[in-house]
Amino acid sequence: MISPKIMKPKVLVTREIFPETLAFLREHLDVEGNQSDLMLSADELATRLAGKIGVMSSGSDKIDAALLAQVPQLKAICNIGVGYNNVDVNAATEHKIMVTNTPGVLDETVADTAFAYVLATAKRMTESEQFLRDGHWKKNTLTLMLGRDVHHATLGIMGMGRIGQAVARRARGFDMKVIYFNRNRVAADVEQECNAAYVSKEDLMKQADFIVLLVPYTPENHHLIGAADIALMKPDAVLINIARGGIVDEVALIEALKHRKIFGAGIDVFENEPNFRKEFLELSNVVLLPHLGSASANTRRAMANLAAKNLVAALTTGNPPNQVNKL
Ligand code: 8YV
């Protein structure tokens, strides 16, 4: 007897993913993929989501209340990324949709990248390389492209979650003093392990030589760092944003960099990606990368695979490992 064909749940994967991740999903689900990696507009997302009960999304898909109102059958949104500010979680919860993220698998990689920014800004690496590439290197001089020291400097970490702690651990190798600010003070044993002292936001802005932003992007954190905060920074301090563009008032930051009020900045994330303020390109005292904090081959694979695991679990058991909302 031929057994009746069991219908697999229909899902959409909004962007290109690794072939092995797609193969895993297809074992369990009826998948519409997007391996040509077209950026989907809100209308295209709504069209492709018709009839789907799950979606594997990326940080660049805006999944807001207007979109969710058009897809009442949707049961799970599984985002690739630890941040999920691209998803209106309250609206999803109202529609009884599970939302998941990918915590844990990217902490060490993002911490590596944060430290790359610390070193690259301190040593003026992109500026100096540009100088060389442009053919300006004619002689070695005592004062050529002087940077600032990282060793024994004060590192200020804003947002002391898993990634912030991983950054603090790296600072030990450079004999740095570590201070941090967080919504809630972390446990004493964590402070001790990270050799980090809790300070107010204001003190962090005033005292740190390198400020690394690692807070989640929430409405409260919109422009958490504005002109008044930047004005507190030491003239030889560096601001590194590896969290989300909207956390910093970019206009204020560009002004400060232009007028050399601070030593420099490392910017991994922008307010309106992939569009960014072209004024950044005119500044020599910034290191700019296109949102690459978690971009190692192993980590991006782990993130995609974890999102896939969440999607399969959400639609088969109703109990995904990394659900961020309570239904
Ligand atoms: C992702 C990120 O690459 O995890 C996050 O929150 O910002 C990045 O690591 C990005 O979200 C792509 O989806």
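Just the heavy atoms: all of them, side chains too, but no hydrogens, waters or symmetry mates, feed the values below. One-based numbering, in listed order, for ligands and for the atoms of each. Values in this document were obtained by computation on a predicted structure and should not be read as measured data.
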Q. Once you round to the nearest 0.5 Å, how far does CH2 of Trp137 lie from CG of Leu144?
A. 8.5 Å

Q. Got a sec, which residues hit ring pair (Phe, Tyr, Trp, His ring centres under 6.0 Å) with His151, two or more places apart in sequence or on another chain?
A. none

Q: State plainly whether the residues Arg301 and Glu20 are in salt-bridge range, i.e. N to O under 4.0 Å.
A: yes

Enumerate, atom names and distances included, each donor-acceptor pair closer than 3.5 Å involving a side-chain atom of residues 160-173, sequence neighbours excluded.
{"from": "Arg162", "atom 1": "NE", "to": "Asp107", "atom 2": "OD2", "distance (Å)": "3.2"}
{"from": "Gln165", "atom 1": "NE2", "to": "Met160", "atom 2": "O", "distance (Å)": "3.2"}
{"from": "Arg169", "atom 1": "NH2", "to": "Glu108", "atom 2": "OE2", "distance (Å)": "2.9"}
{"from": "Arg170", "atom 1": "NE", "to": "Asp112", "atom 2": "OD1", "distance (Å)": "2.9"}
{"from": "Arg170", "atom 1": "NH1", "to": "Glu108", "atom 2": "OE1", "distance (Å)": "3.0"}
{"from": "Arg170", "atom 1": "NH1", "to": "Ala166", "atom 2": "O", "distance (Å)": "2.8"}
{"from": "Arg170", "atom 1": "NH2", "to": "Glu108", "atom 2": "O", "distance (Å)": "3.2"}
{"from": "Arg170", "atom 1": "NH2", "to": "Glu108", "atom 2": "OE1", "distance (Å)": "2.8"}
{"from": "Arg170", "atom 1": "NH2", "to": "Asp112", "atom 2": "OD1", "distance (Å)": "2.9"}
{"from": "Arg172", "atom 1": "NH2", "to": "Glu193", "atom 2": "O", "distance (Å)": "2.6"}

Q: Please list all pairs passing the salt bridge (charged side-chain N to carboxylate O under 4.0 Å, His left out) test where one or both residues lie in residues 209-229, with sequence neighbours left out.
A: Arg148-Asp209, Lys201-Asp229, Asp209-Lys234

Q) Using a threshold of 4.0 angstrom between heavy atoms of the protein and any atom of ligand 1, which residues qualify? A) Ser58, Gly59, Ile80, Gly81, Val82, Gly83, Leu106, Arg244, His291, Ser294, Arg300, Met303

Q: Go through Glu202 and Lys206 one step at a time and tell me if the salt bridge (Lys or Arg N to Asp or Glu O under 4.0 Å) criterion holds.
A: CA-CA 6 Å; Glu202 193 180 324; Lys206 283 182 184 163; 3.0 Å; yes

